[in-house]
Amino acid sequence: MAKDKMKVILDTDIGDDIDDAFALAYLLSSPEIELLGVTTVFRNSAQRARMAKYLIKTFDKDIPVHAGIDNPIKQNPEDLLSMEVKSKIKYDKNGKYCIPQYEEIYDKEEYEGDDAVDFIISEIEKYPNQVILCVIGPETNIAAVINKRPDLIPLIKEIRIMGGAIGDTINYPEWNIVCDPESAKIVYKSGVKIYATGCNVTLQCPLSDENIALLKSIESNKLSVLVNMMNKWLEHYSFTRPVLHDPLAVSTLIEDFVVFKKKKMKVIIDGEKRGWTIPSEDGKECFVGVSLNHNLDFISHIKERIFK
């Protein structure tokens, strides 16, 4: 008997870092996954929704996309940015932050609605105990779902997060958490089964020069769109290569690429360590990525799924 596909909603801030687009491409290329929908979050969710819709179409898929909440509960995103990055910020015709990878060609894309929170709620109600939320941006939408419908908490199968970090090598807050620590705290305290893959693990997964060249050499409409997004990202931030943070987090649905340990974790929302995720006896139990599984080749797996 064929194994049932996993029912997944991807919640993403696609358009800032390029790894969100790689994660979406990965899910679209994975036969084990039934992608119920994509929801977008943070600063200009409408632009992100159009970008996601455009990329989905290049994979010849018809997946609903719903824009979500732009503003964190408390955090002002610009307070987190360097002066150099702030100097590059542009605004759209509505005065909203313009996504760095956004292009006019995406303007024509029509997504399903500005109702990400209600969409997530409806899918959980439709498929109780089956929906997996893959959360690869700030957790604003998910916290709103939990606040609006706490009765649905037991009906969420699990949440896979790219966020946070643990270990002595990381001495700064991870981006997805620090962008909205209040929402992250709500999600971590909810009691939903959480698998959190942090940058203590994901930073070990850069895309090499050889693999970047290989990706650029493949003649494919969908990959040309992905490469164009990547090039705009590299240019905007003066980076040299992508790190596959988000693809690693979502790939753990399919293979054990990350070694998880059960730990009690909490999100700090005050003081100098605002936005940190730390082990704490007064935290909630979740599964935290502590290392890569070096018995499996994650980069080869990504290439097999996407580079074609």
Side-chain angles (χ1 to χ4, degrees), residues 8-17 19-20 23-24 37-45 48-49 52 66-77 79-80 115-121 123-124 131-150 152-153 155-166 172-199 202 245-246 248-250 252-253 263 265-270 273-278 280 283-289:
V8 170
I9 295 173
L10 181 69
D11 188 70
T12 174
D13 60 343
I14 188 171
D16 286 333
D17 202 332
D19 57 331
D20 293 78
L24 176 53
V38 175
T39 54
T40 58
V41 69
F42 196 54
R43 303 188 81 182
N44 194 331
S45 297
R48 299 187 197 278
H66 295 257
I69 301 171
D70 287 342
N71 299 317
I73 290 176
K74 180 179 178 182
Q75 182 65 49
N76 180 356
D79 290 344
L80 304 172
D115 56 347
V117 171
D118 288 336
F119 170 75
I120 294 169
I121 287 170
E123 294 303 290
I124 295 168
V131 176
I132 300 169
L133 303 178
C134 285
V135 184
I136 58 174
E139 295 169 31
T140 317
N141 285 339
I142 311 306
V145 169
I146 291 167
N147 281 342
K148 187 172 183 176
R149 290 292 303 276
L152 293 182
I153 290 172
L155 303 183
I156 301 170
K157 183 175 181 180
E158 63 188 50
I159 300 177
R160 298 268 167 164
I161 291 171
M162 191 284 119
I166 62 169
Y172 53 86
E174 188 276 324
W175 178 254
N176 286 342
I177 304 296
V178 76
C179 282
D180 192 352
E182 284 73 21
S183 286
K185 182 176 182 178
I186 290 166
V187 174
Y188 270 79
K189 288 183 65 178
S190 68
V192 177
K193 187 178 184 180
I194 289 174
Y195 290 85
T197 303
C199 58
T202 61
H245 305 280
D246 296 335
L248 179 64
V250 300
T252 61
L253 288 169
K263 294 179 179 289
M265 301 291 294
K266 76 173 185 178
V267 179
I268 299 177
I269 61 171
D270 298 306
K273 290 191 174 182
R274 174 172 164 79
W276 288 46
T277 53
I278 63 167
S280 175
K284 279 280 191 177
E285 275 196 347
C286 63
F287 294 90
V288 183

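Along the sequence shown, residues are numbered consecutively beginning with 1. FYI, side chains are in, hydrogens and waters are out, and symmetry mates aren't considered; it's all heavy atoms of this structure.
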How long is the span from the [atom1] atom in [X] to the [atom2] atom in [Y], to the nearest 0.5 Å?
X      : Y      : atom1 : atom2 : result
Ile120 : Thr39  : CD1   : OG1   : 4.0 Å
Ile136 : Ile161 : CD1   : CD1   : 12.0 Å
Lys148 : Ile121 : NZ    : CD1   : 5.0 Å
Ile132 : Lys193 : CD1   : NZ    : 9.5 Å
Leu133 : Ile159 : CG    : CD1   : 5.0 Å
Ile166 : Lys263 : CD1   : NZ    : 5.0 Å

| message | List the residues meeting side chain to side chain donor-acceptor pair (under 3.5 Å) with Thr277, not counting sequence neighbours, and say none if there are none. | response |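 Side chain to side chain donor-acceptor pair (under 3.5 Å) list for Thr277, sorted by chain: empty.
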| request: Could I get the full list of side chain to side chain donor-acceptor pair (under 3.5 Å) partners for Asp115, not counting sequence neighbours? | output: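 Asp115: side chain to side chain donor-acceptor pair (under 3.5 Å) contacts with His66.
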| said: Going by salt bridge (charged side-chain N to carboxylate O under 4.0 Å, His left out), name the pairs with one or both residues in residues 177-187, residues two or more places apart or in two chains. | reply: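 Qualifying pairs: Glu182-Arg274.
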| Asp13 and Arg43: CA distance, side-chain angles, deciding distance, salt bridge (charged side-chain N to carboxylate O under 4.0 Å, His left out) verdict | CA-CA 9 Å; Asp13 60 343; Arg43 303 188 81 182; over 6 Å; no
| said: The test is side chain to side chain contact (heavy atoms under 4.5 Å, CB included); show your working for Lys284 and Tyr188 and say whether it passes. | reply: CA-CA 7 Å; Lys284 279 280 191 177; Tyr188 270 79; 5.7 Å; no
| request: Look at the aromatic rings of Phe42 and Trp175 and report parallel, tilted or perpendicular, splitting at 30° and 60°. | output: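 Phe42 and Trp175: perpendicular rings.
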| request: May I ask you to decide if Met162's main-chain N or O and Asn176's side chain share a donor-acceptor pair within less than 3.5 Å? | output: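 Looks like yes, one N/O pair under 3.5 Å.
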